[in-house]
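What follows is a single structure, written as structure tokens, with notes after it.
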Amino acid sequence: MTTRRNFLKGATILGTTMAVAPLAFADTKSTEIPSWKQGSPTEDTLDTDPSVQFVHSVCLGCRSDCSLRGKVKDGIVLKLDGNPYSPMTLDNPVPYATDPKEARKVAGKLCPRGQSGLQLLYDPLRVQQPLKRAGKRGENKWQAISWDQAYKDIIEGGDLFGEGNVEGLKVVRDITTPIDPDAPELGPKANQFVFLAGRIENARAELTKRFINNAFGTINWFEHTTVCEQSHHIASAQTFATKNHLKPDFENAKLIMNFGANYGEANFPMNGLSRKLANFKTKGGKLITVDPRFSVSASHSDIWVPVLPGSDAALALGMIQWIIDNKRYDKAFLEAPSKDAAAKKGESSWSDATYLVRTDTGKYLRGDEAGLGGTKDDYVVLVGGVPTLAGKVDTADLVGEATVNSIACKTVFQRLSERAKEKSLDDYAKICDIPKEQIIRVADEFTSYGKLAVADFYRGPVQHTNGFQAGRAICVLNLLVGNVDHRGGYQSGGSTLSYMGDKNGRYLVAKLHPGAVKPTGIRISRDQAKYEDSTEFKKNGYPAKRPWFPLTKDVYQEVVAGVVDGYPYPCKILWLHMGTPAYSIPAVKDKLIAALKDTKKIPLFISTDIVIGDTSMFSDYILPDVTYMEQWCAQGAGPTILGMVAEVRQPMTHALPQAKSVENMMIDIAKKMELSGFGDNGFGSGMPLNKEEDWYYKMVANLASQSGKIPGATEEEQIKYILDRGGVFDASGAYDGLMMKNKVANLCTIYAEQVATTKDAMTGKNFDGLPLYLPVMNAKDQEIKDEGYPFIATTYKPAFHSHSRTVSAPWLMEILPENFIEMNNEEGEKLGLKDGDTVRVSGPTSKEGVIGKLRLRPGIRPGVVSACVGYGHWNYGSADTIIDGKTVAGDKSRGKGVNINYAMRLDDSIGNVCLEDKIGGSCSFYDSHVKVEKA
Amino acid sequence: MGKRYAMVIDLRKCVGCHACQVACKSENNVPLGVFRNWVEELETGKFPNVSRHRLPRLCNHCENPSCLNVCPVKATYQLEDGTVLVDYDRCIGCKYCIAACPYDARFINPERNTAEKCTYCHERLEVGLQPACVNTCISGARVFGDINDPNSEIAKIIATNAVTVSKPETNNRPQTYYIKADEKALRPNLLEIVTGGEK
Amino acid sequence: MSTVHFFNTPHQIYWGLLIALYFFYTGLSAGSFILTSLGTVFGIEKYKKVSKVGVIMAIILLAFAPLHLLFDLAQPGRFLNLFTSVNPTSAMSWGIYLLILYPVVLMFYAWYLFRQDMVNGLDKGGMKASIYKFLLFGKKDMSEAAKANDKKKQKIFGTFGVPLALLVHGYTGFILGNVQARAFWHTPLMPIIFLMSAMVSGTGLFIIVLMLVEKFKFGKLGDDIKALISDMANLMKWFILVDGTLMVIYFIVLWYSGESGYAAGYFLLHNEGWSFLGLENILGLLVPFLLMLSKKARKNIPLVVLSSILTIIGVLAMRINLVIGGQKLPLTGSKIIEYVASGRDITIILGIAVAAAVVLTILYSVLPMNRPGAEEKKSIPVSKGVEQ
Ligand SMILES: Nc1nc2c(c(=O)[nH]1)N[C@H]1C(S)=C(S)[C@@H](COP(=O)(O)OP(=O)(O)OC[C@H]3O[C@@H](n4cnc5c(=O)[nH]c(N)nc54)[C@H](O)[C@@H]3O)O[C@H]1N2
Ligand SMILES: Nc1nc2c(c(=O)[nH]1)N[C@H]1C(S)=C(S)[C@@H](COP(=O)(O)OP(=O)(O)OC[C@H]3O[C@@H](n4cnc5c(=O)[nH]c(N)nc54)[C@H](O)[C@@H]3O)O[C@H]1N2
Ligand code: SF4
Ligand code: SF4
Ligand code: SF4
Ligand code: SF4
Ligand code: SF4
Ligand SMILES: [Mo]
């Protein structure tokens with residue numbers, strides 16, 4: 001009874017049940033896969049076994065996308081490891097030229113989720129055939145149907161559920177008639193088809209956009225980043241010349257001040273970053289962690305700063321104040337007003353610290369306005385108080401105000417120090433609820449290592465109503481020590497190759513789209529658009545019905561809220577792909593589910609999923625997608641990883657014959673609907689796009705042509721060479737002298753002019769261009785106090801779970817079968833609570849709240865409760881399911897624990913959405929006040 | 001001196017991710033509910049002076065293994081290189097070794113119905129691969145090798161760092177060496193456990 | 001200052017009731033044998049009366065004891081491996097050989113005890129006669145020389161039997177005592193404690209069995225037996241005294257033997273209080289001891305029976321507390337390990353108990369139990385009461 005036989009049997013049993021989907025769902029114990037999943041007594045086939053094959057690919061256990069290698073025998077994936085060619089999984093990967101036969105002797109590293117991928121792939125509760133709802137939405141009653149019927153229903157529509165006529169894709173695809181003739185700016189009817197992705201990655205994203213935007217012609221293609229860390233990206237981009245993600249150079253930094261980034265448990269890439277953190281510490285690096293929770297990062301830190309959630313901006317501004325008062329900033333860097341001036345000081349980037357800003361318009365004073373004979377592209381600075389064009393001098397005054405050409409102005413630095421001084425250090429300390437001395441101490445430490453000190457941050461500070469500004473305050477700390485682009489500083493990471501073929505690629509894939517439609521109109525989330533341009537504004541003025549988001553994009557929670565409110569227009573067809581808004585977005589669960597059940601609000605609701613998900617269970621159709629081990633994709637690495645990474649995900653196997661990648665689904669539908677850009681001449685005459693490989697081979701070919709170093713006489717040989725290694729890698733060449741090779745090399749802005757000159761649709765007031773601290777506020781800028789709710793609810797990611805996606809992995813669930821509501825032990829005891837008590841966490845908009853087990857620990861600051869993500873499912877296989885009349889028992893272990901999101905606060909000033917950051921667009925995860933009682 | 005395999009776990013590096021635990025399950029098909037390798041973690045202190053301590057555990061491949069001494073049928077044996085193994089075809093499943101191991105390192109494999117424990121991934125070692133847990137350890141905390149070879153990484157680490165073992169007072173002479181392990185993590189606090197924290 | 005453990009990796013208790021019962025049975029066997037060998041081996045006349053009852057009981061209990069072990073094996077089919085290798089460092093390994101040797105010796109001993117009566121039984125004819133005929137293997141010689149030889153051999157095998165009995169039970173004490181990982185078990189007292197408690201429970205059970213045998217075989221308890229019983233009750237008192245003293249010493253040493261020892265002691269007193277103090281020591285030792293202090297009580301059969309039953313319960317509790325309790329304290333992690341007896345185990349235990357009782361009844365009724373001062377009545381229908 002070897003694993004192998006055992007397992008192959010399992011596989012074939014599954015194979016044969018495939019024809020009859022319901023059986024394939026039969027109780028987990030009845031197929032062989034669980035017995036394999038349980039593990040079996042014999043050791044696995046060794047990597048050196050010549051009969052096993054290795055497939056190099058990319059993990060998606062989480063968005064870290066570590067390079068992956070699957071051990072495959074007879075079509076069965078036996079074990080997952082890291083791809084040894086990739087700097088993502090090894091500090092010293094094997095040289096790229098190494099023969100794969102040699103490389104198999106080395107394996108890269110994977111985190112526990114990466115190791116468990118097999119259990120998601122062979123999950124017996126995967127959706128194995130298209131499902132059509134047999135009962136009401138959400139009853140979890142289904143009928144297994146063929147792909148042909150699924151396509152026909154979705155495209156043609158009709159009386160699909162005996163509930164009256166439903167418009168299909170064909171009818172809704174009208175790219176000429178406006179939705180609302182009185183508000184033509186909203187765009188054509190086609191926009192009423194909304195595609196909402198949760199997790200969707202590079203190359204997969206482009207193909208779906210090709211279908212949604214440029215073939216079907218709706219403007220409503222979305223992914224989920226606002227529920228993730230969007231305000232971090234927007235804050236970074238507004239500071240570092242559109243670069244939205246920088247990281248410390250862990251190898252050479254001497255001090256890292258970590259604002260709410262979950263090193264060692266999460267962050268990007270969780271796997272490689274943990275290693276960099278360990279090396280950083282053993283090399284004697286100093287670590288300061290700002291986090292209300294004693295995180296893994298905090299536990300490895302020299303200083304833990306347990307701020308109250310939402311106070312990072314106050315901490316950073318306090319530090320800025322101290323740094324300015326004590327002249328601890330990098331004067332030389334800040335004084336350089338231009339590229340050339342910076343270059344003379346050995347800098348590649350420069351700042352706007354010396355630039356003059358108009359007091360009236362809030363814009364930079366430009367050369368043409370200053371009467372100094374400059375153009376509108378010139379900035380103006382003061383030299384010894386005298387206005388001068390920035391380009392003409394090597395150093396300019398940091399502090400100063402002047403009236404130039406009768407325009408009152410101040411330097412950015414001047415305004416920053418005024419801003420930082422609006423509150424005293426004691427005030428800041430009170431806001432953060434930490435000792436003032438600690439602010440001083442960390443400011444002192446932070447400025448004691450020159451350019452080798454970095455302030456890093458992630459979700460913690462930014463997933464707040466004031467997230468963008470908090471993020472900006474932290475970015476500015478980096479500008480004050482002038483560490484940008486420096487070896488050991490804040491840097492924009494390694495390089496990659498463009499799979500889309502932009503810059504000299506062999507195939508400019510985006511352009512290879514004859515008859516492409518250019519979608520028009522307002523996105524249902526009202527992002528990248530100005531309220532002021534809308535008919536609604538002309539009619540009603542301020543405030544708008546719901547916020548608009550001119551400075552960000554893909555506002556996940558507002559797509560959903562927009563659909564629910566039918567604002568700015570009703571949605572007719574919703575396609576949810578690999579997303580679970582009801583689970584992952586704070587507070588919205590009940591309102592959202594009610595709306596999803598309402599066939600008036602959403603006449604047709606389609607999901608692509610691998611399981612019956614917590615949200616997809618409410619849809620009319622669930623189309624079985626493939627897992628990341630059966631998928632394609634192409635992308636680079638996060639900035640933590642230096643060197644060059646252009647990795648390719650490719651299928652290791654196809655566990656379920658009936659499952660189909662979303663790429664292939666869209667190709668099929670486009671062809672059936674005869675939409676442009678797909679089919680025999682999809683890329684142009686004689687260039688077919690009939691299957692996903694047609695798409696991805698082009699991308700791989702682009703990597704080859706851009707790298708220029710790939711051996712092989714023909715394109716096919718080069719593609720094979722790359723696929724055999726899972727991409728193109730080069731760990732070397734990260735540095736160029738004392739600088740990073742990859743640079744921002746641009747104007748970095750303490751003052752965000754674009755933000756300062758953009759209006760808030762809810763108030764008509766301008767946003768603030770300088771970092772500032774604000775209390776928690778709703779969309780109407782009313783402060784939220786919520787007296788009587790003494791705790792702030794927060795959340796975090798444990799090393800062994802990914803969002804909603806890992807409950808189906810028993811190896812991970814046995815680490816911690818049920819999560820906890822974590823609270824400070826002394827505080828809990830004061831409330832008469834005991835570790836292990838069952839408690840209810842509820843809030844002003846979530847009276848019933850969530851119920852879970854209490855964990856009292858010293859490592860949670862008072863006034864805060866926290867619960868890690870991954871638990872608290874109502875489905876994802878935990879619920880009993882009826883398919884073709886047969887009941888499939890749910891796996892109850894998947895329903896354990898709590899998801900604290902459900903206890904978080906709705907913004908009742910606009911209803912049906914969580915608190916949000918109107919600039920960055922982020923959902924607020926750490927601002928909700930709650931109370932905790934014994935249940 | 002002959003080979004002597006051992007493992008070092010550097011707790012200055014360990015992030016408590018449990019990858020070692022899961023990799024072992026996957027590589028060795030260890031059933032659910034039993035563990036060749038697991039990670040303990042405790043948090044202690046009084047806010048804001050808190051510390052967290054991790055302790056990945058696995059068989060110590062002891063110099064003087066209780067498990068081997070008590071096995072009535074010699075199903076547990078030790079190789080020249082120190083690896084302690086179970087002969088799955090000989091083990092009668094009397095569980096004496098399980099009762100005798102001071103480290104909870106053993107269990108009955110519910111599918112094979114014999115005693116089982118960490119093998120140092122013996123099959124992998126034989127073909128020149130590292131143990132699965134060491135291989136995947138994302139922080140690089142786990143180092144495996146021959147401590148009798150002065151040039152080996154592990155020998156160098158042990159030579160240049162203070163290391164501790166779990167329960168040195170047992171006469172087992174365990175061979176899993178920890179760097180910066182916390183006393184509280186190395187052994188259960190029995191007093192606290194039996195008194196329910198009063199003592 | 002507080003400490004929280006984030007994860008609770010499950011570990012099970014692998015040695016449960018079956019092992020405890022195994023120790024219990026071997027104890028009963030050794031105890032009853034040593035007691036009844038007082039006659040033949042140590043020449044205390046009045047005990048000659050009961051050697052037969054004792055030896056049969058010892059053999060059967062020991063024959064059934066290892067079944068518990070066998071059923072506890074995860075690979076019962078491989079039990080033969082136990083004989084194909086010796087591990088001198090494993091108490092369990094040498095125990096196996098004792099488990100063979102001891103009953104063999106006892107059987108020879110028994111054979112010489114029963115030989116003459118079996119020869120006499122031959123002429124009575126019937127089914128019994130043919131059984132005797134078979135068991136005698138033709139050794140029908142009733143010459144004085146032969147009779148003398150019987151006596152001699154009884155003495156020899158009996159004398160062998162005693163140390164074996166001590167070993168066979170002592171070794172089970174070593175099984176636990178040698179485990180240095182567990183303060184609970186790791187004490188040189190363990191083998192002696194096992195022996196003394198064996199004497200206590202062995203005596204207890206023997207008193208009860210003896211009374212049953214006498215009633216069924218000879219219709220009534222002869223005064224000589226009554227006298228003997230109160231005599232044994234008296235011995236039991238002393239056994240309890242020694243056993244109790246050992247328990248006290250064990251506990252005191254445990255209490256002062258470092259953290260894990262102290263914790264184990266604390267655990268016994270508090271967490272396991274009712275079973276350790278209540279069942280094992282108060283009900284199982286103290287109460288019978290106090291009862292048997294009084295001469296009058298020792299002459300009062302019901303009271304003696306009660307005390308005997310209490311000692312048996314007490315010693316059973318002691319085996320369970322030691323074997324299972326000893327594994328409840330974790331070696332790693334932070335949680336007390338809970339034990340739940342499986343239905344399977346309980347069924348097996350009851351099954352074995354019943355089987356042992358049945359076999360005993362049969363043997364007692366088939367074998368000639370004549371003893372100095374009591375002749376078996378003619379053809380007593382097996383197990384069908386006694387006509388007065
Ligand atoms: N294990 C694991 N790793 C992952 C993922 C996963 O699902 N699991 N997902 C990946 C994805 S998609 C993302 S976006 C990244 C997220 O990477 P991170 O943002 O680094 O991870 P989170 O756990 O979301 O971080 C939240 C942290 O902020 C702290 N925090 C809460 N409120 C505040 C506050 O007001 N101020 C400060 N300073 N800190 C606060 C929390 O205690 C927690 O430690 O992780 C990636 N890596
Ligand atoms: N409490 C709490 N909530 C959080 C976070 C947190 O730290 N704590 N983190 C937030 C962050 S950073 C993020 S990025 C979001 C992520 O939130 P989302 O992107 O909404 O959700 P995911 O958990 O990535 O997976 C969404 C769903 O996709 C389906 N699915 C799983 N695998 C596949 C697949 O291979 N193909 C397809 N088609 N579908 C699949 C399942 O139904 C799954 O529930 O969660 C956010 N929510
Ligand atoms: S961090 Fe873990 S789960 Fe995420 S991609 Fe890397 S290996 Fe996969
Ligand atoms: S740790 Fe336990 S199992 Fe491993 S060798 Fe030592 S005694 Fe044996
Ligand atoms: S369980 Fe197996 S290995 Fe352990 S002692 Fe018994 S026979 Fe030996
Ligand atoms: S060495 Fe191998 S068997 Fe031992 S714990 Fe590590 S992975 Fe498991
Ligand atoms: S894999 Fe390494 S870092 Fe992760 S828990 Fe195990 S030892 Fe610690
Ligand atoms: Mo995210």
Side-chain angles (χ1 to χ4, degrees), chain A residues 1 3 35-44 46-48 78-82 91 105 107-116 118 263-265 270-272 274-275 277-279 281-282 294 296 298-300 304 306 434 799-800 810-812 814-815 824-826 857-862, chain B residues 10 12-35 38-39 41-54 88 109-114 116 119 121-124 126-130 132 134-141 179 197:
Chain A
M1 210 256 325
T3 330
S35 77
W36 171 83
K37 182 173 77 180
Q38 296 264 334
S40 108
T42 38
E43 264 65 14
D44 209 334
L46 293 167
D47 301 9
T48 47
L78 300 177
K79 175 81 168 59
L80 297 170
D81 284 298
D91 288 348
K105 300 197 185 112
K109 296 171 180 294
L110 294 182
C111 85
R113 295 159 296 139
Q115 290 284 350
S116 304
L118 298 169
Y263 299 169
E265 291 172 281
M270 180 273 181
N271 168 359
S274 302
R275 205 148 46 249
L277 172 68
N279 296 339
K281 280 309 291 176
T282 37
F294 194 67
V296 165
S299 72
H300 281 287
W304 175 37
I434 56 169
F800 44 85
W811 286 333
L812 299 176
E814 70 180 346
I815 295 171
N824 175 271
N825 57 318
E826 294 167 83
R857 53 179 284 204
I860 296 279
R861 67 147 294 133
Chain B
D10 185 345
R12 294 168 306 178
K13 292 186 164 192
C14 175
V15 292
C17 69
H18 298 257
C20 42
Q21 175 180 330
V22 176
C24 180
K25 290 247 161 178
S26 181
E27 176 71 27
N28 300 305
N29 296 297
V30 181
L32 294 177
V34 287
F35 304 83
W38 68 98
V39 183
E41 180 167 10
L42 62 82
E43 178 174 273
T44 183
K46 182 182 189 323
F47 176 85
N49 305 312
V50 192
S51 59
R52 278 171 78 161
H53 307 284
R54 304 164 184 101
Y88 302 134
N109 180 314
E111 298 184 22
R112 194 203 285 111
N113 291 318
T114 67
E116 179 175 314
T119 59
C121 285
H122 186 61
E123 301 72 12
R124 288 174 62 93
E126 281 179 322
V127 297
L129 300 168
Q130 285 275 296
V134 174
N135 187 90
T136 213
C137 175
I138 67 169
S139 74
I179 298 180

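Chain letters run A, B, ... following the sequence lines, proteins first and then strands; every chain starts at 1.
Looking at every heavy atom in both residues, B/V50 comes nearest to A/P858 through CG2-O, 3.6 Å. Annotation for B/L32 and A/W811: closest pair CD2-CD1, 3.7 Å, computed over non-hydrogen atoms.
Note on A/A298, A/P306, A/A278, A/S116: by heavy-atom pairs under 4.5 Å with chain B, the leading option is A/A278. Ranked by heavy-atom pairs under 4.5 Å with chain A, the list B/H122, B/H18, B/R124, B/E41 is led by B/H18. When each of A/C111, A/A799, A/G264, A/A107 is scored by its heavy-atom pairs under 4.5 Å with chain B, the top score falls to A/A107.
With A/D47 as the partner, the side-chain contact (heavy atoms from CB on, under 4.5 Å) test is satisfied by one option alone out of B/L129, B/V127, B/N135: B/L129.
Annotation: the span from A/F800 atom CZ to B/C17 atom SG amounts to 10.0 Å, rounded to 0.5 Å. Summarising the geometry, atom CD1 belonging to A/I860 is positioned 7.5 Å from atom CD belonging to B/E43; distances are rounded to the nearest 0.5 Å. Separation of atoms OG (B/S51) and CH2 (A/W304) is listed at 11.0 Å; rounding is to 0.5 Å. Interatomic distance, CG of A/D81 versus OG of B/S26, reported as 8.0 Å (0.5 Å rounding). Remark: B/K25 NZ to A/L812 CG distance equals 11.0 Å, nearest 0.5 Å. The CG atom of B/L42 lies 11.5 Å from the CZ atom of A/R857; values are rounded to the nearest 0.5 Å.
Residues A/E265 and B/V15 are not in side-chain contact: their nearest non-hydrogen atoms beyond the backbone lie 4.5 Å or more apart. Looking at A/R861 and B/P48, their side chains never come closer than 4.5 Å, going by heavy atoms from C-beta outward. Here the side chains of A/R113 and B/V22 are not in contact, with every heavy-atom distance at 4.5 Å or above. Between B/E27 and A/L78 the shortest side-chain heavy-atom distance does not fall below 4.5 Å.
The side chain to side chain donor-acceptor pair (under 3.5 Å) search around A/N825 returns C/S2, not counting sequence neighbours. Judged as a side chain to side chain donor-acceptor pair (under 3.5 Å), and not counting sequence neighbours, the contacts of B/T136 are A/Q115.
Not one N or O on the side chain of A/K109 forms a donor-acceptor pair closer than 3.5 Å with the backbone of B/I138. For the pair A/R275 (side chain) and B/S139 (backbone), a donor-acceptor distance under 3.5 Å is absent.
B/C14 touches chain A through its backbone: at least one of N, CA, C or O sits under 4.5 Å from a heavy atom, while the side chain does not. Looking at B/T44, the atoms closer than 4.5 Å to chain A (heavy atoms on both sides) all sit in the backbone: N, CA, C or O.
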Item checked: side chain to side chain contact (heavy atoms under 4.5 Å, CB included) between B/K46 and A/E826, worked out -> CA-CA 8 Å; B/K46 182 182 189 323; A/E826 294 167 83; 2.7 Å; yes
Next item on the list: Check step by step if side chain to side chain contact (heavy atoms under 4.5 Å, CB included) holds for B/K13 and A/N279.
Entry: CA-CA 7 Å; B/K13 292 186 164 192; A/N279 296 339; 3.7 Å; yes
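Under the 3.5 Å distance criterion, with hydrogens and angles disregarded, a donor-acceptor pair is assigned to the side chains of B/R54 and A/S299.
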